[in-house]
Amino acid sequence: MSIELTLPDGSPLVLDDGATGYDAAAAIGPRLADAAIAVKVDGAARDLHAALPATGTFEVITADGEEGRHILRHSAAHVLAQAVLGLFDGATFAIGPPIEDGFYYDFDIGRPFTPEDLEAIEARMAEIVAADQPFEREEFPKERALEVFADHPFKVEIIQSVDEGEGAAGDAVSAYRNEQFIDLCRGPHVPSTGRLRAFKLLRTAGAYWRGDDKRPQLQRIYGTAWETPKALADYLDRLEEARKRDHRKLGVELDLFSFPQELGSGLAVWHPKGAITRMIMEDYSTRTHLAHGYDLVSSPHIARSHLWQTSGHLDFYAEGMYPAMELDGGDEYLLKPMNCPFHILIFRSRARSYRELPMRMFELGTVYRYERSGVVHGLMRARGFTQDDSHMFVTEEQLAGELQSLLDFTLMVLRDFGFEDFEADLSTIPEKYVGDPVLWERATAYLADALDNAGIEYAVAEGEGAFYGPKIDVHIRDAIGRRWQISTLQVDFGQPENFGLEYATAQNTRERPVMIHRALFGSVERFFGVLLEHYAGALPGWLAPVQATVVPVADRHLDYAREVAAGLANRGLRVEVDDADETVGEKIRRALLAKHPAVLVVGDTDVDEDTVGLRLRGEDEERGVPLGEAAERIADLCAAPR
RNA sequence: GCCGGGGUAGCUCAGGGGUAGAGCAGCUCACUCGUAAUGAGCAGGUCAGGGGUUCAAAUCCCCUCCCCGGCUCCA
């Protein structure tokens with residue numbers, strides 16, 4: 001008997017019976033065997049030193065790919081648990097999966113971990129890695145597993161719930177052992193702890209068992225692990241880069257906005273430099289919507305509870321709303337968490353005809369949501385924010401075409417702000433839903449078509465739709481590879497029902513329109529924050545609060561500097577003259593730190609010859625540039641996309 | 001909301017029972033300068049807020065607010 005495997009390139013590989021994945025890798029090449037940490041047969045990952053089946057497609061997993069890192073991190077999580085159980089008497093452990101860029105493990109040691117604990121744990125982990133302990137797979141029946149893990153109630157709970165793929169075949173569960181330490185695990189793992197060449201513990205946090213806030217809170221340790229020390233260092237650099245780009249930090253440094261404690265959590269004030277950019281974004285948004293067939297509407301910030309009752313918000317969203325204010329002898333008013341009910345009332349303000357559809361209403365509507373105190377995060381998650389909110393009312397026949405044009409419009413706008421890399425989630429019908437399932441299915445197919453036509457990669461999130469309709473969430477990737485959920489496109493079969501909306505058809509019958517919600521920036525504040533982080537504060541010229549700084553070399557050049565600035569301002573550019581009592585070097589430094597796209601230096605020769613010294617963002621300085629040419633080039637640099 | 005860590009000058013941070021500190025920023029003066037920090041001087045504080053312990057609290061204790069990292073949440 002022999003083993004016959006098929007390699008990824010289709011070629012066969014024949015091995016003696018009993019050969020392991022490692023043998024197979026070695027047969028392909030010694031370098032590959034060294035790099036291998038696990039193998040894949042017929043798509044299923046297996047331990048490197050497990051015996052191979054008789055046939056199958058064969059692939060080697062190395063540590064420098066996503067799957068390899070996944071295994072590496074999972075193994076690192078085991079070593080973390082081994083260290084913690086060894087160091088803390090009575091410690092019990094729960095789950096420890098790999099996650100994006102790292103891993104975590106949840107423990108209960110009867111108290112929180114301290115930073116000193118973390119150092120000790122990391123040191124113990126290093127010892128375990130240095131000892132190069134093998135990971136040994138064991139399989140036993142559930143009953144035996146319950147005995148082995150009798151002291152660890154969370155493990156017992158996991159064993160009792162194992163049946164879908166967590167363990168090995170049938171009634172058996174698998175576990176991995178290194179020395180005294182044993183952990184329940186599906187595997188695979190790296191062959192031995194010595195393969196964990198680069199790891200680091202990052203932080204601790206409280207985490208509920210099984211993510212349920214009614215259940216015990218465990219202490220979680222987060223760590224990261226990489227295939228080489230270099231890859232680890234690169235990752236730590238990326239974290240540092242993200243810290244430098246933090247919009248909350250840039251907001252202070254560039255004097256854009258602040259969150260005064262007196263206002264309360266999650267509420268920002270916009271300083272002049274931030275407000276001007278925000279105004280440009282909002283102005284762009286309004287212009288662009290108007291140019292694409294939307295009608296501008298406007299609505300108040302509060303409404304009677306009756307409205308929120310009809311819309312269903314008081315039933316489904318009450319905990320996200322600020323408490324009611326009692327006015328006018330008993331009438332309750334609530335701050336709006338969403339704009340849709342108002343737009344619906346505009347639709348319903350008179351009889352509508354099919355001739356008016358699709359109706360597209362657009363509003364920069366400021367909403368207030370009572371976010372739980374622990375989730376507020378700068379501009380990204382605030383309690384008051386402005387949505388670029390649209391609601392479309394369409395016939396069923398118009399739905400497909402409307403969804404396509406909405407998605408295309410969305411992508412056009414995101415591209416105007418410099419984003420090119422999109423991914424989407426398509427959320428489908430959940431268990432509890434309203435409306436006609438046939439219509440659901442049709443709408444979901446339209447959304448998928450729209451994504452296909454736009455060439456956007458998407459993942460289907462089965463059952464993740466809201467109860468009132470399927471939706472698309474559009475994500476962007478920023479300059480350092482982070483994914484942000486930005487736009488949503490949401491079909492709504494519920495609200496037209498709640499409000500009894502209808503329109504007159506060509507046959508003079510009455511039909512119910514379908515409603516579509518769409519926020520494009522999502523929230524102006526949040527999108528601003530994402531832009532700031534994406535551009536690390538150096539906003540594109542058209543969005544920059546100050547587009548050019550004019551620096552006079554000496555006081556006698558101040559008049560000329562002001563002339564130059566006035567000329568630029570006449571072209572619609574935002575210009576400052578730095579007349580501070582400082583050296584040229586310092587004034588340039590200040591302009592560069594403030595991320596101004598253009599710096600103009602003017603001295604004696606410039607006054608004589610109507611020129612400037614020009615330094616555009618990312619370029620070297622240039623002397624003696626004629627004033628007109630400089631203005632032209634700055635205007636180009638700062639031109640709005642439309 | 002929950003777990004943990006924090007809040008000292010505009011910013012970054014030191015000080016941890018005995019009169020509040022530094023650097024940067026700010027202001028004043030001098031310098032008049034050609035591409036990333038000119039020099040000197042001055043001013044700046046209810047140590048987040050409130051209560052308590054103490055002869056004495058920025059420092060120790062309690063409550064509240066706000067921030068940070070997670071969890072949960074984000075119909």
Side-chain angles (χ1 to χ4, degrees), chain A residues 104 106 108 111-115 117-118 202-222 243 246 248-249 252-253 255 258-267 311-321 337-338 340 369-378 380-381 427 430 432-434 464-469 471 473 485 488 490 492 494-495 517 522-523 526 549 551-558 580-594 599-606 611-615 619-624:
Chain A
Y104 67 80
D106 287 346
D108 184 1
R111 62 165 176 90
F113 290 105
T114 65
D117 292 337
L118 228 53
L202 297 175
R203 65 179 73 91
T204 60
Y208 298 106
W209 169 233
R210 300 235 146 144
D212 183 346
D213 62 8
K214 312 269 183 309
R215 309 201 62 181
Q217 190 159 36
L218 305 169
Q219 295 301 320
R220 176 171 298 178
I221 296 178
Y222 282 92
R243 241 194 315 277
D246 190 317
R248 294 163 300 188
K249 186 171 146 74
V252 174
E253 286 171 6
D255 197 12
S258 58
F259 291 89
Q261 201 182 314
E262 293 82 344
L263 285 189
S265 182
L267 300 168
S311 68
H313 285 92
L314 283 179
D315 292 329
F316 295 103
Y317 201 73
E319 79 284 4
M321 295 173 72
M338 298 186 194
C340 27
R369 298 185 183 174
Y370 185 75
E371 300 289 353
R372 297 169 78 174
S373 64
V375 307
V376 168
H377 180 90
M380 304 296 191
R381 192 82 181 268
S427 299
K432 282 176 67 180
Y433 64 93
V434 297
E464 292 295 303
F467 67 88
Y468 54 79
K471 66 171 174 176
D473 292 318
Q485 199 232 294
T488 65
Q490 169 97 54
D492 189 339
Q495 292 294 16
H517 307 247
S523 130
R526 181 179 145 86
T549 306
V551 173
V553 170
D555 288 352
R556 64 178 177 281
H557 309 122
L558 201 49
D581 199 5
E582 288 292 348
T583 60
V584 176
E586 168 62 11
K587 285 189 277 196
I588 286 169
R589 177 171 173 271
R590 295 205 284 198
L592 294 179
L593 287 177
V599 184
L600 299 84
V601 179
V602 296
D604 288 332
T605 53
D606 298 305
T611 59
V612 297
L614 183 61
R615 179 167 173 156
E619 294 178 24
D620 290 334
E621 58 154 311
E622 233 177 292
R623 291 285 186 85

Determine whether [X] and [Y] make a side-chain contact, defined as any pair of heavy atoms from C-beta on separated by less than 4.5 Å.
X	Y	answer
A/I221	A/R203	no
A/V553	A/R556	no
A/Y208	A/K214	no
A/R372	A/E319	no
A/L600	A/V551	no

Of the listed nucleotides ([options]), which one gets closest to any side-chain atom of [X]?
X	options	result
A/Q261	B/C65, B/C68, B/C3	B/C65
A/A554	B/U32, B/U35, B/G4	B/U32
A/Y208	B/U72, B/C33, B/G69	B/U72
A/T605	B/G34, B/U35, B/U72	B/G34
A/P112	B/G1, B/C3, B/U35	B/C3
A/Y222	B/U38, B/C71, B/U35	B/C71
A/D604	B/C66, B/G26, B/G34	B/G34
A/E586	B/A37, B/G34, B/A36	B/A37
A/V375	B/C71, B/G34, B/A37	B/C71

Distance alone, cut at 3.5 Å: any donor-acceptor contact between the side chains of A/H557 and A/D606? no

Contact under 4.0 Å: [X] side-chain N or O vs [N] OP1/OP2:
X	N	result
A/T583	B/U38	yes
A/H377	B/C74	no
A/R248	B/G69	yes
A/R590	B/G26	yes

Regarding [X], tell me which of base, sugar-phosphate or nothing describes its non-hydrogen contacts under 4.0 Å with the strands shown.
X	value
A/V584	sugar-phosphate
A/R369	nothing
A/T114	nothing
A/L593	base
A/G266	sugar-phosphate
A/M321	nothing
A/R623	base
A/A205	base
A/R220	sugar-phosphate
A/R203	sugar-phosphate
A/G211	sugar-phosphate
A/S265	sugar-phosphate
A/D555	base
A/D606	base

Residue matched to [N] through Watson-Crick or wobble contacts both under 3.5 angstrom:
N	answer
B/U38	B/A30
B/G23	B/C11
B/U54	none
B/G16	none

Could you tell me how far apart [X] ([atom1]) and [N] ([atom2]) are, to the nearest whole angstrom?
X	N	atom1	atom2	result
A/E262	B/C66	CD	C1'	10 Å
A/E582	B/C24	CD	C1'	13 Å
A/E371	B/U72	CD	P	16 Å
A/E464	B/A75	CD	C1'	13 Å
A/F316	B/C73	CZ	C1'	17 Å
A/K587	B/U32	NZ	P	13 Å

Pairs under 3.5 Å (N/O, protein and nucleotides 27-30 of chain B):
none

Looking at B/C2, does its base get a donor-acceptor pair with the side chain of A/Q217 below 3.5 Å? yes

Return yes if the base of B/U32 and the side-chain atoms of A/R556 contain a donor-acceptor N/O pair under 3.5 Å, otherwise no. no

Of A/D212 and A/Q495, the one whose closest nucleotide on RNA chain B sits nearer the 5' end is A/D212

Return the 5'-most residue of the pair A/F467, A/V252 with respect to RNA chain B, ranking by each residue's nearest nucleotide. A/V252

Taking only the [atom1] atom of each, what is the distance from [N] to [M] in whole angstrom?
N	M	atom1	value
B/C33	B/C47	C1'	42 Å
B/U19	B/C29	C1'	32 Å
B/G23	B/U59	P	25 Å
B/C42	B/G5	P	42 Å
B/U8	B/C13	P	9 Å

Hey, is [X] close enough to [Y] for a salt bridge, meaning N to O under 4.0 Å?
X	Y	answer
A/E371	A/R381	yes
A/E253	A/K249	yes
A/R210	A/D212	no

Nearest atoms (heavy-atom pairs only) where A/V434 meets A/G494: CG2-CA, 3.9 Å

Heavy-atom count around A/D620 CG within 6.0 Å, excluding the residue itself: above 12? no

Looking at A/Y104, I'd like to know if the NZ or CZ of A/R220 sits under 6.0 Å from its six-membered ring centre while staying within 45 degrees of the ring's axis. yes

